[in-house]
Amino acid sequence: MFEAAILAIDALLDPSRIVYIILGVIIGLTIGILPGLGGAVGLALVLPFLYGMDPYNGIALMIGITAVTTTSDTFPSILFGIPGTSSAQAVILDGHPMARQGNARRALSAAFVASLLGGIIGAIVLFATIPVVRPLILSFGSPELFMITLFGISIIGVLVGKKPIQGLIVAFLGLLIGTVGMAPAAPSYRYTFDWLYLFNGVSTVIVVLGLFAIPEMIQFISNGKTISKSAKLKGSNLEGVKDVFKNKWLVFQSSSIGAFLGAIPGVGGNVIDWVSYYLAKQTSKNKENFGKGDVRGVIGPEAATNAKEGGNLIPTLLFAIPGGAVGAILLGGLILMGIQPGPNMVEENLHYTLMIIWTLALANVFGTILCFFAAKPISLLTTIEPNKFVPFLLVIICFGAYQANHHWGDLLLLLLVGSLGWIMKELGWNRIPFIIGFVLANGAEKYLFLSIGRFGYEWLLRPGVMIIGFLIILVLLSGFLVQIIKSKFIQRVVK
(Lines give C-alpha, C1' and ligand atoms only; values in the text may rest on other atoms or scores of the structure.)
Protein backbone atom coordinates (compact mmCIF):
# COMPACT_ATOMS: atom_id res chain seq x y z
CA MET A 1 0.00 0.00 0.00
CA PHE A 2 2.97 2.29 0.67
CA GLU A 3 4.15 2.04 -2.95
CA ALA A 4 0.62 2.75 -4.22
CA ALA A 5 0.43 5.82 -1.98
CA ILE A 6 3.74 7.15 -3.35
CA LEU A 7 2.50 6.67 -6.94
CA ALA A 8 -0.80 8.42 -6.18
CA ILE A 9 0.88 11.38 -4.45
CA ASP A 10 3.37 11.76 -7.30
CA ALA A 11 0.52 11.75 -9.83
CA LEU A 12 -1.63 14.17 -7.83
CA LEU A 13 1.15 16.74 -7.46
CA ASP A 14 1.82 16.85 -11.20
CA PRO A 15 0.85 20.37 -12.45
CA SER A 16 -1.23 18.91 -15.30
CA ARG A 17 -3.35 17.02 -12.75
CA ILE A 18 -4.10 20.23 -10.86
CA VAL A 19 -5.18 21.85 -14.13
CA TYR A 20 -7.59 18.99 -14.86
CA ILE A 21 -8.98 19.09 -11.32
CA ILE A 22 -9.65 22.83 -11.61
CA LEU A 23 -11.18 22.31 -15.07
CA GLY A 24 -13.47 19.62 -13.66
CA VAL A 25 -14.40 21.88 -10.74
CA ILE A 26 -15.30 24.74 -13.10
CA ILE A 27 -17.45 22.42 -15.24
CA GLY A 28 -19.11 20.97 -12.13
CA LEU A 29 -19.88 24.41 -10.73
CA THR A 30 -21.36 25.57 -14.03
CA ILE A 31 -23.47 22.44 -14.44
CA GLY A 32 -24.70 22.58 -10.83
CA ILE A 33 -26.13 26.06 -11.23
CA LEU A 34 -28.47 24.89 -14.01
CA PRO A 35 -31.46 23.05 -12.48
CA GLY A 36 -32.11 19.57 -13.81
CA LEU A 37 -28.61 18.85 -15.09
CA GLY A 38 -26.49 17.69 -12.15
CA GLY A 39 -23.34 15.60 -11.96
CA ALA A 40 -24.64 12.87 -14.26
CA VAL A 41 -25.06 15.24 -17.21
CA GLY A 42 -21.75 16.94 -16.44
CA LEU A 43 -19.90 13.61 -16.55
CA ALA A 44 -21.83 12.61 -19.67
CA LEU A 45 -20.61 15.72 -21.51
CA VAL A 46 -16.92 14.98 -20.81
CA LEU A 47 -17.12 11.19 -21.25
CA PRO A 48 -16.33 11.28 -25.00
CA PHE A 49 -13.08 13.13 -24.33
CA LEU A 50 -11.74 10.37 -22.09
CA TYR A 51 -10.75 8.22 -25.08
CA GLY A 52 -6.96 8.02 -25.12
CA MET A 53 -6.62 10.32 -22.12
CA ASP A 54 -4.06 9.61 -19.42
CA PRO A 55 -5.99 7.77 -16.64
CA TYR A 56 -4.73 10.14 -13.95
CA ASN A 57 -5.90 13.18 -15.92
CA GLY A 58 -9.24 11.51 -16.63
CA ILE A 59 -9.73 10.73 -12.94
CA ALA A 60 -8.85 14.31 -11.99
CA LEU A 61 -11.41 15.67 -14.49
CA MET A 62 -14.26 13.31 -13.51
CA ILE A 63 -13.78 13.58 -9.74
CA GLY A 64 -13.48 17.36 -10.05
CA ILE A 65 -16.95 17.44 -11.64
CA THR A 66 -18.43 14.90 -9.23
CA ALA A 67 -17.13 16.57 -6.09
CA VAL A 68 -18.52 20.06 -6.59
CA THR A 69 -21.83 19.63 -8.38
CA THR A 70 -23.52 19.19 -5.01
CA THR A 71 -21.89 22.44 -3.88
CA SER A 72 -22.92 24.66 -6.78
CA ASP A 73 -26.50 23.33 -6.88
CA THR A 74 -26.93 25.41 -3.72
CA PHE A 75 -27.08 28.64 -5.77
CA PRO A 76 -30.51 28.16 -7.38
CA SER A 77 -31.86 26.44 -4.25
CA ILE A 78 -31.03 29.33 -1.92
CA LEU A 79 -31.32 32.30 -4.26
CA PHE A 80 -34.45 31.33 -6.19
CA GLY A 81 -36.04 28.39 -4.37
CA ILE A 82 -35.41 26.08 -7.33
CA PRO A 83 -33.47 22.86 -6.57
CA GLY A 84 -30.33 22.65 -8.71
CA THR A 85 -30.42 18.85 -8.38
CA SER A 86 -32.58 16.32 -6.54
CA SER A 87 -30.02 16.46 -3.71
CA ALA A 88 -30.70 20.16 -3.07
CA GLN A 89 -34.37 20.09 -2.11
CA ALA A 90 -34.31 20.21 1.69
CA VAL A 91 -31.92 23.17 1.78
CA ILE A 92 -34.64 25.29 0.15
CA LEU A 93 -36.79 25.11 3.30
CA ASP A 94 -34.41 27.40 5.23
CA GLY A 95 -31.96 28.64 2.60
CA HIS A 96 -34.48 30.46 0.43
CA PRO A 97 -36.23 32.19 3.38
CA MET A 98 -32.77 33.41 4.48
CA ALA A 99 -32.22 34.88 1.02
CA ARG A 100 -35.60 36.63 1.14
CA GLN A 101 -34.63 38.07 4.54
CA GLY A 102 -31.46 39.58 3.04
CA ASN A 103 -29.08 36.87 4.28
CA ALA A 104 -28.23 35.23 0.96
CA ARG A 105 -24.46 35.56 1.43
CA ARG A 106 -24.68 34.15 4.95
CA ALA A 107 -26.68 31.15 3.74
CA LEU A 108 -24.39 30.53 0.75
CA SER A 109 -21.16 30.82 2.74
CA ALA A 110 -22.51 28.46 5.42
CA ALA A 111 -23.49 26.01 2.69
CA PHE A 112 -20.07 26.24 1.00
CA VAL A 113 -18.07 25.61 4.18
CA ALA A 114 -20.40 22.81 5.31
CA SER A 115 -20.04 21.23 1.86
CA LEU A 116 -16.25 21.50 2.08
CA LEU A 117 -16.09 19.79 5.47
CA GLY A 118 -18.63 17.17 4.41
CA GLY A 119 -16.64 16.37 1.26
CA ILE A 120 -13.41 15.98 3.21
CA ILE A 121 -15.08 13.73 5.80
CA GLY A 122 -16.54 11.63 2.97
CA ALA A 123 -13.04 11.21 1.49
CA ILE A 124 -11.70 10.18 4.91
CA VAL A 125 -14.46 7.58 5.27
CA LEU A 126 -13.61 6.18 1.84
CA PHE A 127 -9.91 6.00 2.74
CA ALA A 128 -10.64 4.31 6.09
CA THR A 129 -12.87 1.73 4.40
CA ILE A 130 -10.14 0.29 2.17
CA PRO A 131 -8.14 -1.63 4.84
CA VAL A 132 -11.38 -3.06 6.26
CA VAL A 133 -12.99 -4.12 2.99
CA ARG A 134 -9.84 -5.19 1.13
CA PRO A 135 -9.54 -8.73 2.62
CA LEU A 136 -13.23 -9.40 1.93
CA ILE A 137 -12.99 -8.27 -1.70
CA LEU A 138 -9.88 -10.32 -2.40
CA SER A 139 -11.66 -13.44 -1.11
CA PHE A 140 -14.40 -13.17 -3.76
CA GLY A 141 -14.41 -15.41 -6.82
CA SER A 142 -16.40 -15.08 -10.05
CA PRO A 143 -19.60 -16.63 -8.51
CA GLU A 144 -19.68 -14.07 -5.70
CA LEU A 145 -18.90 -11.23 -8.08
CA PHE A 146 -21.76 -12.32 -10.36
CA MET A 147 -24.18 -12.36 -7.43
CA ILE A 148 -22.96 -8.96 -6.26
CA THR A 149 -23.67 -7.62 -9.75
CA LEU A 150 -27.23 -9.00 -9.58
CA PHE A 151 -27.56 -7.56 -6.09
CA GLY A 152 -26.57 -4.12 -7.36
CA ILE A 153 -29.03 -4.27 -10.25
CA SER A 154 -31.82 -5.50 -7.97
CA ILE A 155 -31.34 -2.95 -5.21
CA ILE A 156 -31.11 -0.02 -7.67
CA GLY A 157 -34.13 -1.27 -9.61
CA VAL A 158 -36.24 -1.67 -6.50
CA LEU A 159 -35.26 1.38 -4.47
CA VAL A 160 -34.85 4.01 -7.20
CA GLY A 161 -38.00 5.48 -8.68
CA LYS A 162 -41.64 5.50 -7.71
CA LYS A 163 -42.53 1.86 -8.40
CA PRO A 164 -40.18 -1.10 -7.82
CA ILE A 165 -41.56 -3.09 -10.76
CA GLN A 166 -40.81 -0.17 -13.09
CA GLY A 167 -37.27 0.06 -11.77
CA LEU A 168 -36.65 -3.65 -12.33
CA ILE A 169 -38.04 -3.52 -15.88
CA VAL A 170 -35.85 -0.52 -16.72
CA ALA A 171 -32.78 -2.15 -15.13
CA PHE A 172 -33.16 -5.37 -17.09
CA LEU A 173 -33.85 -3.41 -20.28
CA GLY A 174 -30.48 -1.76 -19.76
CA LEU A 175 -28.97 -5.18 -19.07
CA LEU A 176 -30.43 -6.42 -22.37
CA ILE A 177 -29.03 -3.49 -24.37
CA GLY A 178 -25.67 -4.08 -22.71
CA THR A 179 -25.50 -7.58 -24.25
CA VAL A 180 -25.67 -6.27 -27.84
CA GLY A 181 -22.60 -7.26 -29.82
CA MET A 182 -19.95 -9.89 -29.18
CA ALA A 183 -20.28 -12.13 -26.14
CA PRO A 184 -17.46 -11.63 -23.60
CA ALA A 185 -16.55 -15.33 -23.37
CA ALA A 186 -17.85 -16.91 -26.59
CA PRO A 187 -17.41 -16.26 -30.36
CA SER A 188 -21.00 -15.20 -30.94
CA TYR A 189 -22.84 -11.96 -31.71
CA ARG A 190 -26.23 -11.03 -30.25
CA TYR A 191 -28.97 -8.61 -31.37
CA THR A 192 -26.85 -7.04 -34.15
CA PHE A 193 -29.47 -7.51 -36.92
CA ASP A 194 -26.54 -8.16 -39.28
CA TRP A 195 -25.50 -4.51 -38.96
CA LEU A 196 -21.71 -4.38 -38.75
CA TYR A 197 -21.88 -1.21 -36.65
CA LEU A 198 -23.44 -3.12 -33.72
CA PHE A 199 -20.84 -5.91 -33.71
CA ASN A 200 -18.79 -3.98 -31.12
CA GLY A 201 -21.84 -3.30 -28.99
CA VAL A 202 -23.54 -0.05 -28.00
CA SER A 203 -21.22 2.73 -26.82
CA THR A 204 -21.50 3.78 -23.18
CA VAL A 205 -20.96 7.40 -24.23
CA ILE A 206 -23.95 7.36 -26.58
CA VAL A 207 -26.23 5.70 -24.01
CA VAL A 208 -25.27 8.20 -21.30
CA LEU A 209 -25.63 11.25 -23.55
CA GLY A 210 -28.92 10.01 -24.98
CA LEU A 211 -30.49 9.09 -21.65
CA PHE A 212 -29.45 12.07 -19.57
CA ALA A 213 -28.29 14.98 -21.72
CA ILE A 214 -30.79 14.99 -24.62
CA PRO A 215 -33.99 14.93 -22.47
CA GLU A 216 -32.72 17.83 -20.34
CA MET A 217 -31.93 19.91 -23.44
CA ILE A 218 -35.45 19.27 -24.74
CA GLN A 219 -36.92 20.36 -21.42
CA PHE A 220 -34.87 23.57 -21.37
CA ILE A 221 -35.97 24.50 -24.90
CA SER A 222 -39.62 23.67 -24.22
CA ASN A 223 -39.69 25.83 -21.07
CA GLY A 224 -37.97 28.77 -22.79
CA LYS A 225 -37.54 30.64 -19.49
CA THR A 226 -34.53 31.83 -17.55
CA ILE A 227 -34.16 30.65 -13.95
CA SER A 228 -34.26 34.21 -12.65
CA LYS A 229 -34.32 37.81 -13.87
CA SER A 230 -31.79 39.03 -11.30
CA ALA A 231 -28.91 37.66 -9.26
CA LYS A 232 -28.63 39.77 -6.11
CA LEU A 233 -26.42 38.64 -3.21
CA LYS A 234 -26.83 40.19 0.23
CA GLY A 235 -25.60 39.47 3.75
CA SER A 236 -22.21 38.57 5.26
CA ASN A 237 -19.87 35.73 4.24
CA LEU A 238 -18.02 35.76 7.55
CA GLU A 239 -21.23 35.27 9.50
CA GLY A 240 -21.99 32.08 7.56
CA VAL A 241 -18.49 30.70 8.20
CA LYS A 242 -18.92 31.35 11.93
CA ASP A 243 -22.28 29.55 11.85
CA VAL A 244 -20.64 26.37 10.53
CA PHE A 245 -17.95 26.22 13.21
CA LYS A 246 -20.52 27.08 15.85
CA ASN A 247 -22.48 23.99 14.73
CA LYS A 248 -19.47 21.71 14.17
CA TRP A 249 -21.20 18.74 15.83
CA LEU A 250 -24.08 19.07 13.36
CA VAL A 251 -21.55 19.06 10.49
CA PHE A 252 -19.93 15.87 11.80
CA GLN A 253 -23.31 14.22 12.41
CA SER A 254 -24.69 15.06 8.98
CA SER A 255 -21.44 14.14 7.19
CA SER A 256 -21.35 10.74 8.91
CA ILE A 257 -24.96 10.08 7.94
CA GLY A 258 -24.29 11.14 4.35
CA ALA A 259 -21.18 8.96 3.99
CA PHE A 260 -22.91 5.93 5.53
CA LEU A 261 -26.12 6.18 3.49
CA GLY A 262 -24.17 7.06 0.36
CA ALA A 263 -22.39 3.69 0.56
CA ILE A 264 -25.74 1.89 0.23
CA PRO A 265 -26.64 1.42 -3.47
CA GLY A 266 -30.06 2.82 -4.31
CA VAL A 267 -30.23 5.38 -1.50
CA GLY A 268 -30.18 8.51 -3.62
CA GLY A 269 -29.09 12.01 -2.74
CA ASN A 270 -32.70 13.16 -2.38
CA VAL A 271 -33.27 10.64 0.43
CA ILE A 272 -30.01 11.57 2.18
CA ASP A 273 -30.94 15.23 1.81
CA TRP A 274 -34.25 14.80 3.63
CA VAL A 275 -32.90 12.38 6.26
CA SER A 276 -30.11 14.77 7.23
CA TYR A 277 -32.53 17.70 7.41
CA TYR A 278 -34.95 15.74 9.58
CA LEU A 279 -32.22 14.63 11.99
CA ALA A 280 -30.73 18.14 12.10
CA LYS A 281 -34.14 19.43 13.13
CA GLN A 282 -34.82 16.69 15.67
CA THR A 283 -31.40 16.90 17.36
CA SER A 284 -31.26 20.70 17.57
CA LYS A 285 -32.40 22.92 20.40
CA ASN A 286 -34.79 25.77 19.67
CA LYS A 287 -36.04 24.15 16.49
CA GLU A 288 -39.06 26.39 16.06
CA ASN A 289 -37.20 28.46 13.44
CA PHE A 290 -36.62 25.50 11.10
CA GLY A 291 -38.42 26.19 7.85
CA LYS A 292 -38.36 29.93 8.48
CA GLY A 293 -34.71 30.70 7.79
CA ASP A 294 -32.61 28.71 10.29
CA VAL A 295 -29.00 28.36 9.12
CA ARG A 296 -28.83 24.87 10.66
CA GLY A 297 -31.36 23.76 8.04
CA VAL A 298 -28.75 24.74 5.44
CA ILE A 299 -25.67 23.28 7.16
CA GLY A 300 -27.09 19.80 7.81
CA PRO A 301 -28.22 18.86 4.27
CA GLU A 302 -25.20 20.47 2.59
CA ALA A 303 -22.68 18.57 4.73
CA ALA A 304 -24.53 15.29 4.16
CA THR A 305 -24.93 15.58 0.39
CA ASN A 306 -21.24 16.29 -0.15
CA ALA A 307 -20.14 13.54 2.24
CA LYS A 308 -22.28 11.06 0.33
CA GLU A 309 -19.94 11.33 -2.67
CA GLY A 310 -17.21 9.57 -0.70
CA GLY A 311 -19.69 6.95 0.45
CA ASN A 312 -20.99 6.45 -3.10
CA LEU A 313 -17.51 5.60 -4.31
CA ILE A 314 -17.20 2.64 -1.92
CA PRO A 315 -19.54 0.26 -3.82
CA THR A 316 -18.66 1.86 -7.18
CA LEU A 317 -14.91 1.35 -6.94
CA LEU A 318 -14.57 -1.68 -4.70
CA PHE A 319 -17.52 -3.80 -5.91
CA ALA A 320 -18.23 -2.24 -9.33
CA ILE A 321 -21.79 -1.55 -8.14
CA PRO A 322 -22.71 2.10 -8.84
CA GLY A 323 -24.70 3.83 -6.13
CA GLY A 324 -26.54 5.98 -8.66
CA ALA A 325 -26.35 7.63 -12.08
CA VAL A 326 -23.13 9.52 -11.28
CA GLY A 327 -21.47 6.33 -10.06
CA ALA A 328 -22.60 4.43 -13.15
CA ILE A 329 -21.18 7.06 -15.51
CA LEU A 330 -17.98 7.26 -13.46
CA LEU A 331 -17.74 3.49 -13.73
CA GLY A 332 -18.12 3.72 -17.50
CA GLY A 333 -15.47 6.43 -17.66
CA LEU A 334 -12.96 4.31 -15.76
CA ILE A 335 -13.61 1.37 -18.07
CA LEU A 336 -13.09 3.61 -21.11
CA MET A 337 -9.63 4.45 -19.77
CA GLY A 338 -8.76 0.80 -19.20
CA ILE A 339 -9.35 0.77 -15.44
CA GLN A 340 -11.55 -2.13 -14.29
CA PRO A 341 -13.42 -1.28 -11.05
CA GLY A 342 -13.84 -4.10 -8.54
CA PRO A 343 -11.30 -6.21 -6.66
CA ASN A 344 -8.45 -4.81 -8.78
CA MET A 345 -9.03 -1.38 -7.21
CA VAL A 346 -7.57 -2.64 -3.91
CA GLU A 347 -4.83 -4.67 -5.53
CA GLU A 348 -3.16 -3.80 -8.87
CA ASN A 349 -5.05 -0.50 -9.21
CA LEU A 350 -4.79 0.63 -5.59
CA HIS A 351 -2.84 3.73 -6.68
CA TYR A 352 -5.84 4.81 -8.79
CA THR A 353 -8.14 4.38 -5.78
CA LEU A 354 -5.90 6.55 -3.60
CA MET A 355 -5.67 9.11 -6.39
CA ILE A 356 -9.48 9.28 -6.49
CA ILE A 357 -9.71 9.75 -2.71
CA TRP A 358 -7.21 12.59 -2.53
CA THR A 359 -8.59 14.23 -5.66
CA LEU A 360 -12.04 14.18 -4.05
CA ALA A 361 -10.74 16.07 -1.01
CA LEU A 362 -8.69 18.54 -3.09
CA ALA A 363 -11.57 19.22 -5.50
CA ASN A 364 -13.82 20.14 -2.58
CA VAL A 365 -11.24 22.69 -1.42
CA PHE A 366 -10.90 24.21 -4.90
CA GLY A 367 -14.68 24.18 -5.36
CA THR A 368 -15.34 26.03 -2.12
CA ILE A 369 -12.72 28.70 -2.88
CA LEU A 370 -14.15 29.25 -6.38
CA CYS A 371 -17.69 29.44 -5.03
CA PHE A 372 -16.71 32.22 -2.63
CA PHE A 373 -14.93 34.30 -5.24
CA ALA A 374 -17.19 33.54 -8.19
CA ALA A 375 -20.58 33.68 -6.48
CA LYS A 376 -21.74 36.72 -8.44
CA PRO A 377 -20.63 35.56 -11.94
CA ILE A 378 -22.01 32.05 -11.34
CA SER A 379 -25.36 33.38 -10.18
CA LEU A 380 -25.57 35.44 -13.38
CA LEU A 381 -25.74 32.18 -15.35
CA THR A 382 -29.32 31.87 -14.15
CA THR A 383 -30.27 34.89 -16.26
CA ILE A 384 -29.16 33.36 -19.60
CA GLU A 385 -31.99 32.28 -21.91
CA PRO A 386 -32.00 28.56 -22.85
CA ASN A 387 -32.01 29.25 -26.59
CA LYS A 388 -28.53 30.82 -26.19
CA PHE A 389 -26.75 27.92 -24.50
CA VAL A 390 -28.72 24.79 -25.48
CA PRO A 391 -27.58 24.83 -29.16
CA PHE A 392 -23.97 25.04 -27.99
CA LEU A 393 -24.47 22.05 -25.66
CA LEU A 394 -26.23 20.07 -28.40
CA VAL A 395 -23.22 20.55 -30.69
CA ILE A 396 -20.94 19.22 -27.94
CA ILE A 397 -23.29 16.26 -27.37
CA CYS A 398 -23.38 15.32 -31.06
CA PHE A 399 -19.62 15.76 -31.40
CA GLY A 400 -19.08 13.58 -28.33
CA ALA A 401 -21.39 10.86 -29.62
CA TYR A 402 -19.65 10.83 -33.02
CA GLN A 403 -16.29 10.24 -31.29
CA ALA A 404 -17.49 6.80 -30.18
CA ASN A 405 -16.95 5.08 -33.56
CA HIS A 406 -16.69 7.92 -36.12
CA HIS A 407 -19.68 6.39 -37.88
CA TRP A 408 -23.01 7.89 -38.93
CA GLY A 409 -24.61 5.18 -36.80
CA ASP A 410 -23.39 7.03 -33.70
CA LEU A 411 -25.70 9.96 -34.43
CA LEU A 412 -28.61 7.67 -35.36
CA LEU A 413 -28.19 5.72 -32.14
CA LEU A 414 -27.94 8.97 -30.16
CA LEU A 415 -31.28 10.04 -31.64
CA LEU A 416 -32.90 6.69 -30.77
CA VAL A 417 -31.55 6.55 -27.22
CA GLY A 418 -32.33 10.24 -26.71
CA SER A 419 -35.93 9.61 -27.77
CA LEU A 420 -36.13 6.70 -25.35
CA GLY A 421 -34.71 8.88 -22.56
CA TRP A 422 -37.21 11.65 -23.28
CA ILE A 423 -40.13 9.20 -23.29
CA MET A 424 -38.97 7.72 -19.98
CA LYS A 425 -38.63 11.20 -18.48
CA GLU A 426 -42.11 12.21 -19.62
CA LEU A 427 -43.61 8.99 -18.24
CA GLY A 428 -41.82 9.47 -14.93
CA TRP A 429 -39.73 6.31 -15.33
CA ASN A 430 -36.36 6.65 -13.60
CA ARG A 431 -33.42 6.30 -16.00
CA ILE A 432 -30.80 5.43 -13.40
CA PRO A 433 -31.60 1.67 -13.32
CA PHE A 434 -31.21 1.55 -17.12
CA ILE A 435 -27.68 2.94 -17.18
CA ILE A 436 -26.63 0.79 -14.22
CA GLY A 437 -28.00 -2.37 -15.86
CA PHE A 438 -26.24 -1.39 -19.10
CA VAL A 439 -22.87 -0.74 -17.44
CA LEU A 440 -22.97 -3.95 -15.39
CA ALA A 441 -24.12 -6.18 -18.27
CA ASN A 442 -20.67 -7.09 -19.57
CA GLY A 443 -19.28 -7.90 -16.14
CA ALA A 444 -22.32 -9.94 -15.13
CA GLU A 445 -22.15 -12.06 -18.28
CA LYS A 446 -18.40 -12.57 -17.95
CA TYR A 447 -18.65 -13.67 -14.31
CA LEU A 448 -21.53 -16.03 -15.17
CA PHE A 449 -19.53 -17.71 -17.97
CA LEU A 450 -16.49 -18.09 -15.70
CA SER A 451 -18.57 -19.52 -12.85
CA ILE A 452 -20.30 -22.13 -15.01
CA GLY A 453 -17.10 -23.03 -16.87
CA ARG A 454 -15.13 -23.56 -13.68
CA PHE A 455 -17.68 -24.95 -11.22
CA GLY A 456 -20.59 -26.14 -13.36
CA TYR A 457 -23.74 -25.38 -11.39
CA GLU A 458 -22.18 -26.26 -8.04
CA TRP A 459 -21.26 -22.59 -7.61
CA LEU A 460 -24.90 -21.98 -6.62
CA LEU A 461 -24.21 -23.84 -3.35
CA ARG A 462 -21.22 -21.72 -2.30
CA PRO A 463 -21.89 -19.98 1.06
CA GLY A 464 -21.15 -16.50 -0.27
CA VAL A 465 -23.47 -17.02 -3.23
CA MET A 466 -26.29 -18.23 -1.00
CA ILE A 467 -25.90 -15.30 1.40
CA ILE A 468 -25.98 -12.73 -1.40
CA GLY A 469 -28.90 -14.58 -3.02
CA PHE A 470 -30.81 -14.32 0.25
CA LEU A 471 -30.10 -10.58 0.35
CA ILE A 472 -31.41 -10.21 -3.21
CA ILE A 473 -34.66 -11.96 -2.28
CA LEU A 474 -34.92 -9.79 0.83
CA VAL A 475 -34.45 -6.63 -1.22
CA LEU A 476 -37.07 -7.65 -3.77
CA LEU A 477 -39.63 -8.54 -1.08
CA SER A 478 -39.06 -5.36 0.90
CA GLY A 479 -39.02 -3.03 -2.12
CA PHE A 480 -42.66 -2.03 -2.00
CA LEU A 481 -42.51 -1.47 1.76
CA VAL A 482 -39.43 0.76 1.44
CA GLN A 483 -41.15 2.96 -1.15
CA ILE A 484 -44.18 3.47 1.08
CA ILE A 485 -42.04 4.34 4.09
CA LYS A 486 -39.90 6.75 2.03
CA SER A 487 -42.90 8.72 0.74
CA LYS A 488 -44.48 8.96 4.18
CA PHE A 489 -41.18 10.02 5.73
CA ILE A 490 -40.69 12.91 3.29
CA GLN A 491 -44.26 14.09 3.86
CA ARG A 492 -43.63 14.07 7.61
CA VAL A 493 -40.43 16.10 7.25
CA VAL A 494 -42.16 18.74 5.12
CA LYS A 495 -44.90 19.13 7.69
Side-chain angles (χ1 to χ4, degrees), residues 20 24 27-28 31-32 36-51 53 55 58-70 73 85-87 152-153 156 160 170-171 174-175 177-178 201-217 262 265-266 268-269 308-309 311-317 319-342 345 352 356 359-360 363 393 396-397 400-401 403-404 414 417-418 420-421 424-425 430-443:
Y20 275 100
I27 294 173
I31 291 295
L37 296 188
V41 176
L43 284 177
L45 291 175
V46 302
L47 207 59
F49 303 98
L50 298 179
Y51 286 112
M53 183 180 287
I59 288 172
L61 181 63
M62 290 193 296
I63 299 300
I65 295 172
T66 303
V68 300
T69 304
T70 50
D73 62 7
T85 66
S86 61
S87 302
I153 294 173
I156 294 294
V160 175
V170 172
L175 196 65
I177 300 300
V202 179
S203 169
T204 303
V205 173
I206 294 174
V207 172
V208 170
L209 289 174
L211 275 183
F212 292 96
I214 294 295
E216 306 306 335
M217 297 303 103
K308 89 175 189 305
E309 299 303 330
N312 272 335
L313 289 174
I314 294 175
T316 302
L317 296 177
F319 297 99
I321 299 176
V326 172
I329 299 172
L330 180 64
L331 192 70
L334 293 174
I335 293 173
L336 284 176
M337 295 186 294
I339 303 173
Q340 183 60 52
M345 296 302 289
Y352 288 132
I356 289 172
T359 302
L360 181 65
L393 292 178
I396 294 179
I397 291 169
Q403 295 305 303
L414 176 67
V417 178
L420 175 63
M424 292 174 66
K425 183 178 177 66
N430 200 296
R431 292 159 287 170
I432 295 176
F434 185 100
I435 189 63
I436 289 178
F438 175 82
V439 170
L440 295 181
N442 189 267

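Since this is a predicted model, take the numbers as computed values, not measurements.
Contact detail for Met337 and Ile59: the closest heavy-atom pair is CE-N, 4.0 Å. Nearest heavy-atom pair across Val417 and Val207 is CG1-O, 3.8 Å. The shortest heavy-atom contact between Gly64 and Ala363 is CA-CB, 4.0 Å. Nearest heavy atom pair, residue Gly210 against residue Pro215, reads O-CD, 3.2 Å.
To the nearest 0.5 Å, the span separating OG on Ser203 from CG on Leu336 amounts to 7.0 Å.
Using a 4.5 Å heavy-atom cutoff, the side chains of Leu334 and Met62 are in contact. With contacts defined as side-chain heavy-atom distances shorter than 4.5 Å, the pair Tyr352/Leu317 does not qualify. Residues Met424 and Leu211 meet the side-chain proximity criterion, which asks for heavy atoms closer than 4.5 Å. For the pair Ile63 and Leu330, the minimum side-chain heavy-atom distance is below 4.5 Å.
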